[in-house]
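Start at 1 with the first residue, then count along the sequence. Values below: every heavy atom of this structure, side chains too, minus hydrogens, waters and symmetry copies.
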Amino acid sequence: MSLRINDTAPDFSANSTEGNIAFHDWIGDSYAILFSHPRDFTPVCTTEFGAVAQLVPEFEKRNTKVLGVSVDSVTDHAKWKSDIEKVAGVPANFAIIDDSDLTVAKAYDMLPADYYLPTEGRTPAHSATVRTVFIIGPDKKVRLTMTYPMSVGRNFAEILRALDAVRKTDGVPLATPANWIPGQDVIVALALDDAAAEAKYGQLDKKLPYLRFAKDPA
């Protein structure tokens with residue numbers, strides 16, 4: 001069964017470009033983004049990892065660690081990082097794990113349906129992970145998931161925006177509207193009546209009885 005929102009993210013230990021990682025211990029009290037890609041030394045993946053490399057300072061500002069996953073070896077990952085740096089213009093300063101035995105891919109349901117073909121009909125391409133993203137909280141619970149096919153590169157600006165929204169609403173009676181970006185008004189949950197909402201978040205902009213906006217709390 002695939003992972004659902006609020007499931008505990010499966011723990012694992014794996015070798016990586018930064019040494020052995022025990023996943024839950026590695027997360028610590030941070031947020032984490034776990035993202036898979038099909039193979040090293042492939043065009044779309046190289047652009048994606050270049051995008052992540054460029055965003056590492058932004059993730060660090062948000063107390064968030066990023067961890068890449070693929071079926072390739074740590075040796076291949078280390079060689080590939082030089083290509084990523086050529087594309088991104090910055091070093092890929094984040095860990096990539098060796099999941100050649102598919103332990104993580106199976107635990108997080110990162111494999112395409114083709115992987116489950118009979119052995120006789122399977123090729124190495126069928127064991128390549130699809131482009132999944134998991135945002136995981138400090139409590140090790142899954143906060144958000146995204147899945148893209150192999151042919152579609154991810155929009156990491158959107159992943160960063162989604163992370164901001166997750167962090168903004170985590171454990172508080174707030175939600176973010178469509179297309180929200182940090183600094184814009186947020187929605188106050190109906191768990192608070194008007195008086196309680198205004199006491200907590202200030203004056204409300206009431207569009208509808210059930211749609212009440214407040215200024216983005218700093």
Side-chain angles (χ1 to χ4, degrees), residues 2-37 45 48-70 77 84 88 90-97 99 103-105 107-110 129-148 153-189 201 216-218:
S2 60
L3 290 174
R4 296 165 294 191
I5 302 298
N6 294 329
D7 276 343
T8 298
D11 197 12
F12 59 84
S13 292
N15 194 20
S16 83
T17 52
E18 296 183 4
N20 191 71
I21 284 178
F23 188 51
H24 283 191
D25 290 342
W26 177 81
I27 293 173
D29 61 359
S30 302
Y31 284 81
I33 294 178
L34 180 70
F35 65 105
S36 62
H37 68 287
C45 299
E48 288 189 321
F49 275 56
V52 174
Q54 292 168 341
L55 288 172
V56 164
E58 295 299 321
F59 290 125
E60 289 176 344
K61 289 178 189 175
R62 292 159 172 82
N63 187 33
T64 299
K65 299 176 180 178
V66 293
L67 183 62
V69 179
S70 87
H77 294 334
I84 296 168
V90 295
N93 289 330
F94 57 92
I96 310 172
I97 68 167
D99 193 38
T103 296
V104 177
Y108 283 80
D109 199 22
M110 295 172 168
T129 49
V130 292
R131 304 181 194 283
T132 58
V133 179
F134 294 88
I135 296 179
I136 299 164
D139 59 358
K140 318 308 183 281
K141 301 288 188 181
V142 175
R143 295 290 199 275
L144 180 148
T145 68
M146 303 178 186
T147 302
Y148 293 65
R154 285 162 285 199
N155 184 332
F156 281 89
E158 165 57 15
I159 293 169
L160 189 67
R161 188 202 72 85
L163 172 65
D164 284 333
V166 165
R167 294 178 71 251
K168 177 65 63 177
T169 60
D170 219 353
V172 295
L174 295 174
T176 56
N179 302 323
W180 177 87
I181 57 174
Q184 293 181 340
D185 290 356
V186 294
I187 295 170
V188 181
Y201 296 113
D216 183 1

Taking distance alone, no hydrogens or angles, what donor-acceptor pairs closer than 3.5 Å link side-chain atoms of residues 23-32 to residues at least two apart or in another chain?
residue: H24; atom: NE2; partner: A9; partner atom: O; Å: 2.7
residue: S30; atom: OG; partner: N63; partner atom: OD1; Å: 3.0
residue: Y31; atom: OH; partner: D170; partner atom: OD2; Å: 2.5

Task: Partner set under ring-ring contact (aromatic ring centres under 6.0 Å, His included) for Y108, not counting sequence neighbours - done: F134
Open item on the list: Between T145 and L3, is there a side-chain heavy-atom distance shorter than 4.5 Å?
Closed with: no
Open item on the list: Using the side chain to side chain donor-acceptor pair (under 3.5 Å) criterion, which residues pair with N15? Sequence neighbours excluded.
Closed with: none
Task: Salt-bridge criterion met for D164 and R161 (N-O under 4.0 Å) - done: no
Open item on the list: According to ring pair (Phe, Tyr, Trp, His ring centres under 6.0 Å), does anything in residues 154-182 pair up with another residue at least two apart or in another chain? List the pairs.
Closed with: F35-F156
Task: Backbone of A105 reached by a side-chain donor or acceptor of D99 within 3.5 Å - done: yes
- [ ] Kindly indicate whether the side chain of Q184, heavy atoms from C-beta on, has any atom under 4.5 Å from the side chain of V186.
- [x] no
Open item on the list: A side-chain contact here means heavy atoms from C-beta on lying under 4.5 Å apart; do S16 and H77 qualify?
Closed with: no
- [ ] With the side chain counted from C-beta on, respond yes when K141 and T8 share a heavy-atom pair under 4.5 Å apart, and no when they do not.
- [x] yes
Open item on the list: Assess, by modelled atom type and distance only, whether the side chains of S36 and T132 contain a donor and an acceptor separated by less than 3.5 Å.
Closed with: yes
Open item on the list: Could you work out, with salt bridge (charged side-chain N to carboxylate O under 4.0 Å, His left out) as the rule, every residue matching R167, not counting sequence neighbours?
Closed with: none
Open item on the list: Ignoring hydrogens, what is the shortest heavy-atom contact between F59 and I33? Give both atom names and the distance.
Closed with: CE2-CD1, 3.4 Å
- [ ] Could you list the residues that satisfy salt bridge (charged side-chain N to carboxylate O under 4.0 Å, His left out) with E58, not counting sequence neighbours?
- [x] K61, R62
- [ ] Give the minimum heavy-atom separation between I84 and A92, together with the two atoms involved.
- [x] CG2-CB, 3.9 Å
